[in-house]
Amino acid sequence: MTFLKTEALTCRFGGLVAVDSLDYSLNEGELTSIIGPNGAGKSTLFKVLMGSIYPTSGKIIFVEKDITKTPPHERLNMGIAKTHQITQIFPKLPVLENMGIAAQYRLKKGHKWFFLDKWDDEETIKKSENILSQIDLYDRKNMIAGSLPQGDKKRLEIGMAIATDPKLLLMDEPTAGSSPAETQVTVELIKQLSNTLTMVIVEHKLDVVMDLAKRITVMHRGKIIADGKPEEIRNNNKVREIYLGDTS
Ligand SMILES: Nc1ncnc2c1ncn2[C@@H]1O[C@H](COP(=O)(O)OP(=O)(O)OP(=O)(O)O)[C@@H](O)[C@H]1O
Ligand SMILES: [Mg+2]
């Protein structure tokens with residue numbers, strides 16, 4: 001069964017081809033990573049997969065369905081969730097309320113997006129608190145989200161994505177701006193989540209990627225230039241040249 005597949009997926013911004021005729025596929029249960037230098041098109045690919053940008057041409061198939069023109073809230077209902085390179089939480093609201101807003105989206109089917117209305121019923125609070133424990137933020141549930149350290153904000157956003165019960169979780173730089181200690185907490189969380197979720201991680205920290213991913217795809221100028229096991233990618237000359245700037 002096809003879990004996720006793109007066919008000749010292309011996204012142009014004027015004359016710039018950010019994603020260039022990309023054929024990418026993913027099996028259910030995989031924990032994979034996409035790496036590549038700044039501007040390679042990684043975030044644009046994620047946005048096109050989530051539906052916040054529609055492609056210029058090409059196709060996206062998710063669980064056998066063509067979702068190329070499916071709007072983002074329907075993709076969320078189908079089980080695709082994403083965390084963003086620049087964290088998207090509700091900074092003025094308490095941590096628990098952030099989780100509640102995300103959790104009630106799934107519990108009350110039919111909502112088109114994260115509604116800022118009632119989230120404080122018993123079922124929503126219970127679900128939110130369970131996820132807060134899982135992401136190690138239960139003790140900070142009453143803090144204003146915007147005042148959390150960066151690593152905690154990133155984990156809160158991961159928690160909010162989990163609350164929508166996804167089948168596929170796309171994470172755009174989940175450890176960006178996090179300290180080494182915070183990064184380690186997030187890495188452990190991702191490992192734990194990978195037991196039940198299919199995940200794609202865009203990440204610049206290569207030690208994190210090598211530790212987590214079973215397969216790595218390397219993008220450069222909108223195209224895939226390599227795809228393989230971590231050790232294959234580490235030893236790939238083209239990758240070393242283009243991605244690491246190693247010309248030796
Ligand atoms: N909305 C937009 N309008 C015009 N150009 C854009 C837009 N979004 C991205 N781009 C351009 O598309 C290219 C790919 O950008 P993208 O953000 O996908 O790269 P990236 O691989 O995520 O890079 P980084 O590692 O720095 O996050 C870049 O040249 C970027 O400037
Ligand atoms: Mg990016």
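The analysis underlying the following values was restricted to heavy atoms, covering all of them including side chains, and did not include hydrogens, waters or symmetry mates. Numbering of ligands and ligand atoms starts at 1, following listing order. The structure displayed is predicted, hence computed values, not measured ones.
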- prompt: Near the Mg ion (ligand 2), is there an N/O/S atom from Asn38 that is less than 2.8 Å away?
  reply: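 No, Asn38 does not qualify, because none of its backbone or side-chain N, O or S atoms lies under 2.8 Å.
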Short check: any N/O/S atom of Gln85 below 2.8 Å from the Mg ion (ligand 2)?
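So Gln85 does bind the Mg ion (ligand 2) by this criterion.
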Ignoring hydrogens and angles, state whether a donor on the side chain of [X] or [Y] is under 3.5 Å from an acceptor on the partner side chain.
X	Y	result
Thr175	Lys205	yes
Gln184	Glu188	yes
Glu157	Thr87	no

Query - Reference residue Leu49; test side-chain contact (heavy atoms from CB on, under 4.5 Å); the match among Leu168, Thr6, Ile80 - result: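 With Leu49 as partner, Leu168, Thr6, Ile80 yield a single side-chain contact (heavy atoms from CB on, under 4.5 Å), made by Thr6.
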Side chain, backbone, both or neither: which applies to Met219 and ligand 1 if a contact is any heavy-atom pair less than 4.0 Å apart?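 It is neither; nothing of Met219 touches ligand 1.
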Short version for Leu16: what comes under 4.0 Å of ligand 1, heavy atoms counted, is side chain
Looking only at protein heavy atoms, which one is nearest to [atom], and what is the separation?
atom	result
atom 18 (O) of ligand 1	Thr44 OG1, 2.5 Å
atom 21 (O) of ligand 1	Lys42 NZ, 2.7 Å
atom 17 (O) of ligand 1	Ser43 CB, 3.7 Å
atom 6 (C) of ligand 1	Phe13 CD1, 3.2 Å
atom 27 (O) of ligand 1	Gln85 NE2, 2.9 Å

Would you say Glu173 touches ligand 1, if touching means a heavy atom closer than 4.0 Å?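 Heavy atoms of Glu173 do come under 4.0 Å of ligand 1.
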Is Gly36 in contact with ligand 1, taking contact as a heavy-atom separation below 4.0 Å?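 Contact absent.
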Sub-3.5 Å N/O-N/O distance, Gly39 and ligand 1:
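N/O-N/O distance under 3.5 Å: yes.
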Original post:
Going by the order shown, which atoms of ligand 1 are within less than 4.0 Å of some heavy atom of Ala40?
Top reply: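 So the atoms of ligand 1 that pass are 19 (O), 20 (P), 21 (O).
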Need the ligand 1 atom indices (1-based, order shown) with element for anything under 4.0 Å from a heavy-atom of Asn38.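 Once the distances to Asn38 are compared, the set is 23 (O), 24 (P), 25 (O), 26 (O).
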Residues [X], [Y]: salt bridge by 4.0 Å N-O rule:
X	Y	value
Lys5	Glu7	yes
Arg215	Asp227	yes
Asp211	Lys191	yes
Lys141	Glu129	yes
Asp172	Lys42	no
Asp121	Lys126	no

Hey, is atom 31 (O) of ligand 1 touched by any protein heavy atom at less than 4.0 Å? no
